[in-house]
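Here is the structure we will look at.
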Amino acid sequence: MAASKQITQRKTKARSRVTNGKSLFPKEVDQRTLYYRRFRDLIDLLSADLGGVDRLSTSEMALVRTASTHMTALEQLEMKFALAEGKASNEDLMLYQTLSNSLRRLLKELGIKRKPRDVTPASPRDYLRSRIIDDDDPHRLNGSHRVRAA
């Protein structure tokens, strides 16, 4: 029998807490900590960016977890830098650089990229209409009034 069939056919009690979706970690971890909550949120957000957790392979999910770990660690370092008012040790700066470069490569591997939004109006008239906030404004653009500086 194939290994993947064996795993799916095992009783849920014979599988790990992580496999069953009961926990993000094999051992009990306090789920109220800042780290755990942010880590869980990042996994959810990255998974959603990739089409949902149900559409991810096990390998992709491992990359999502690793990217979430990197992002959480980077955020903790950023908080440490902010609290130190810009005074950072060389070790912390090297760790930050290493994590950020690794995160970039992970996100590139996952295929997450910036999706630019088209903000070009269809026509000048549409642009002007989008700039009008209140229809009851007496200075509204209707052809007989001048455009005011905002």
Report summary line: So side-chain hydrogen bond (donor to acceptor under 3.5 Å, both in side chains) across residues 97-110, not counting sequence neighbours, yields H70-S102
Report task. Just jot down the side-chain contact (heavy atoms from CB on, under 4.5 Å) partners of T69, sequence neighbours excluded, or say none. Result -> Y35, F39
**Report entry** Qualifying ring pair (Phe, Tyr, Trp, His ring centres under 6.0 Å) pairs with a residue from residues 75-98, counting only residues at least two apart or across chains
**Finding:** F81-Y96
Query raised in the report: Within the distance-only criterion (no hydrogens, no angle test), does the side chain of E60 pair as donor or acceptor with the backbone N or O of S57 below 3.5 angstrom?
Result: yes
Query raised in the report: With sequence neighbours excluded, what pairs up with E78 under the salt bridge (Lys or Arg N to Asp or Glu O under 4.0 Å) test?
Result: none
**Report entry** Partners meeting salt bridge (Lys or Arg N to Asp or Glu O under 4.0 Å) with D92 (sequence neighbours left out)
**Finding:** K80
Query raised in the report: Just how far is it from atom CG of L50 to atom CG of L56, taken to the nearest 0.5 Å?
Result: 5.5 Å
Query raised in the report: With a 4.5 Å limit on heavy-atom distance, are the side chains of D49 and L110 in contact?
Result: no
Report task. For R37, check salt bridge (Lys or Arg N to Asp or Glu O under 4.0 Å) against everything at least two apart and list the hits. Result -> none
Requested in this report: Say whether L99 and L93 are linked into one hydrophobic cluster, either directly or through other cluster members, by side-chain heavy-atom distances under 4.5 angstrom.
Outcome: yes
Query raised in the report: If we only count heavy atoms from C-beta on, is the M61 to I43 side-chain gap below 4.5 Å?
Result: yes
**Report entry** From CG (D41) to CE (M71), nearest 0.5 Å
**Finding:** 11.0 Å
Query raised in the report: Distance from T72 atom OG1 to L42 atom CG, nearest 0.5 Å?
Result: 4.5 Å
Query - Pairwise distance CG(L34) to CD(Q76) - rounded to 0.5 angstrom - result: 7.0 Å
Report summary line: Output for pair (S68 OG, R40 CZ), nearest 0.5 Å, gives 12.0 Å
Report summary line: Smallest heavy-atom separation, S47 atom then V64 atom, equals OG-CG1, 3.9 Å
